[in-house]
Structures are given as C-alpha cells and as structure tokens.
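The sequence lines fix the lettering, A, B, ..., with proteins before strands; numbering per chain opens at 1. Values below: all heavy atoms of this structure, side chains included; hydrogens, waters and symmetry mates excluded.
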Protein chains: 2
Amino acid sequence: MRIGELARRTGVSERALRYYEEQGLLQPARTAGGYRVFTAADVERVRHVRLLLAAGLSTALIAEMLPCMVPAADVLAPGCPELVPYMNRERDRITASIEELTTARDLLDRMIAATPV
Amino acid sequence: MRIGELARRTGVSERALRYYEEQGLLQPARTAGGYRVFTAADVERVRHVRLLLAAGLSTALIAEMLPCMVPAADVLAPGCPELVPYMNRERDRITASIEELTTARDLLDRMIAATPV
DNA sequence: GTAAACATTCACGTCGGCGTGAGGGTCAAG
DNA sequence: CTTGACCCTCACGCCGACGTGAATGTTTAC
C-alpha cells in the first residue's frame, strides 16, 4: 500500500510516516517513480512506534528495538540482549511516570470533588 | 526563605522557580533590595506545580487552579466551578495516558522476557 | 569595609516530533 | 493524452519549560 492508505489505516499523518522512515523506523520499498510502498505488517509496526513514542522513548531507541520484534508473534524473535539495560531503564521510568500521573489525577479528583457548586 | 533555599528544598532549579513566578504560579514577596522571599507554604505549592506539570497540564491552567487549593488541607477552599470542565478533560487525558503507558510497559516487559540471554 | 555568597534581570539557546507550505513529479481512468 | 488524485523532496516553523551565560546588585559574616 502507499503512504495515504497507511496514514488512513493508522491515523498517523503522512508527514509523520515520512519522518519515521527518515529515523529508520520504517523501510518501505519504492516504486519506479519513487513512491513509498508499505506492507500490511507496517500497520502494526506503526502502532508499536506510536505506543513507544507516547511512552517517552526516543526514535533512536525505538529504531534499535524494532528488529527485536520483527515477526508474527508481536514480540519474540531476535532478542537484543544489549538493549535490555535500556529497556529496563525505560520500564522503570514509565512505572514512575504512571505513579506520578496517578497522584496528579487523585489531586484533580479531590479538587473536583471539593467544588461547592 | 530565599530562592536558593526553596530550590534546595524542592529540588527545582532557581531558573524554574523564577519562571513559575513569571507564569503566575508563585507570588513571592520582595526584600528592599529586590530579593524574592518565599513562605514555607510555597514548598508544597511548588510540589503541586511540578506534579501537575508532569501530568501534562499547562502553566496557564495550573495558574488558574492554584487559587482553588490555597489553604491548609491541601485542596479544599474556594472551589472554581468554571474550571471543572477543564479539570475533567485533563483527568480523562491522564487516564488515557496511564493506559497507554501501561500497554507500552507490557510491551517492554514482553520484549525483555523474550530475550534469549 | 570588604569579600564571599547569594541574588537580580535580560535574552538567546535547546530539543524533538512533527505541521505546513512550496514547487514539482507519478499514476490510473477515461 | 490529459486530468485529477496522489505522491515526492526540501526546508523553515513551532512549542513550552526551562538551561545557560552575561553583566550587575544585595546581604551577611568577619
């Protein structure tokens, strides 16, 4: 499929998809005319990218991680032992972030609840 | 106390504290010579600010919210009914964000677990 | 009264994930 | 063969919470 369809199917802008390719997160083939050609698997790939970006990982780290989740079963495969320390660090950061967000939400809840009306 | 002490006690840089004042999040008194003078309550206030900033709220919204959590009991007090819609929106955004982060963390966990060694 | 520690006000720099045109090719249908 | 729809490559813009000096003034301890 071409970039427009991938954009529609993922809800990600074309600009963002081109940016992802530039950052090594996608490697579409090309038509003779220079059009990018994506595969069905790229839809899932883009979803993973967005998820990890939303979690605060950099495109650089994601680019290194992606080869480790190549095939069918979502995750398995190669396994990149050298990335484990980084992934653990991100994991802990995410956990801390979740706790902060939870605390902040509690604060908001208390403020909302305390509103006189 | 002066800015250096507040910075030490909150772990927030002096630059950030000045920025918070500029954004209306703090209103320190001044000495004759122009030095900012903060109160003990400002320590808590700064913690709240950081918490809400970390949760993705803008300084502008936080500035509007702070008068609603003035006094002792952390939150109560004035109550700003007109802010409730905004706070609800942020609350929902935070909830969605927590879910995303949780999903991303699960993905990381699976990748870490799938590492061959 | 003087020096060290502490503070002040600008004001430009940063960073990263895109948004947003501009100017111009490619492709499929009729 | 032409006309949309679709795509391409630059390349500057943006945003927001500060970082980072530079040049200067204030306090306090001795």
Report the distance from atom OG of A:Ser58 to atom OH of A:Tyr86, rounding to the nearest 0.5 Å.
10.5 Å

Not counting sequence neighbours, which residues clear salt bridge (Lys or Arg N to Asp or Glu O under 4.0 Å) with B:Glu64? List them please.
none

Any residue meeting side-chain hydrogen bond (donor to acceptor under 3.5 Å, both in side chains) with A:Arg93, in chain and number order, not counting sequence neighbours
A:Glu90

Enumerate the residues from residues 92-105 of chain A whose closest heavy atom to DNA chain D is under 4.0 Å, giving them by residue number; use none for an empty result.
none

Whole Å only: how far is the CD1 atom of A:Ile3 from the C1' atom of D:dA5?
15 Å

Identify, with sequence neighbours excluded, every residue that meets side chain to side chain contact (heavy atoms under 4.5 Å, CB included) alongside B:Arg9.
B:Met1, B:Glu5, B:Val43

A:Arg30 atom CZ is separated from D:dC8 atom P, nearest whole Å, by 6 Å

From A:Asn88 CG over to B:Ile112 CD1, what is the distance, rounded to the nearest 0.5 angstrom?
4.0 Å

Dump every N/O contact between nucleotides 27-30 of chain D and the protein below 3.5 Å, one line per pair.
from	atom 1	to	atom 2	distance (Å)
D:dT27	OP1	B:Thr31	OG1	3.2
D:dT27	OP1	B:Gly33	N	2.8

side-chain hydrogen bond (donor to acceptor under 3.5 Å, both in side chains) against A:Arg50, all qualifying residues, sequence neighbours excluded
none

Output the rounded distance in Å from CG (A:Leu6) to C1' (D:dC6).
15 Å

Below 3.5 Å, can you tabulate the donor-acceptor pairs from side chains in residues 32-40 of chain B to any protein atom, sequence neighbours excluded?
from	atom 1	to	atom 2	distance (Å)
B:Arg36	NH1	B:Glu21	OE1	2.2
B:Thr39	OG1	B:Ala41	N	3.3
B:Thr39	OG1	B:Asp42	N	3.4
B:Thr39	OG1	B:Asp42	OD2	3.4

Please list, chain by chain and in numerical order, all residues satisfying side-chain hydrogen bond (donor to acceptor under 3.5 Å, both in side chains) with B:Arg15, sequence neighbours excluded.
none

Roughly how far apart are A:Leu66 CG and A:Tyr20 OH, rounded to 0.5 Å?
11.5 Å

Could you tell me if the side chain of A:Leu57 sits less than 4.5 Å from the side chain of A:Ile94, heavy atoms only?
yes

Are B:Glu14 and B:Arg18 side-chain neighbours, meaning at least one heavy-atom pair lies under 4.5 Å?
yes

D:dT9 OP1/OP2 closer than 4.0 Å to side-chain N/O of A:Arg36
yes

Partner residues of B:Thr59 under the side-chain hydrogen bond (donor to acceptor under 3.5 Å, both in side chains) criterion, sequence neighbours left out
B:Gln23

B/S/- along nucleotides 15-22 of chain D (protein heavy atoms under 4.0 Å) is --BBBB--

Atom pairs and distances, donor-acceptor, side-chain atoms in residues 96-106 of chain B, under 3.5 Å, two or more places apart:
from	atom 1	to	atom 2	distance (Å)
B:Thr102	OG1	B:Ile98	O	2.7
B:Thr103	OG1	B:Glu99	O	2.9
B:Arg105	NH1	A:Thr95	OG1	2.9

Go through DNA chain C in 5' to 3' direction and return only the first and the last nucleotide with some atom under 4.0 Å of chain B's heavy atoms.
C:dC6 to C:dA11

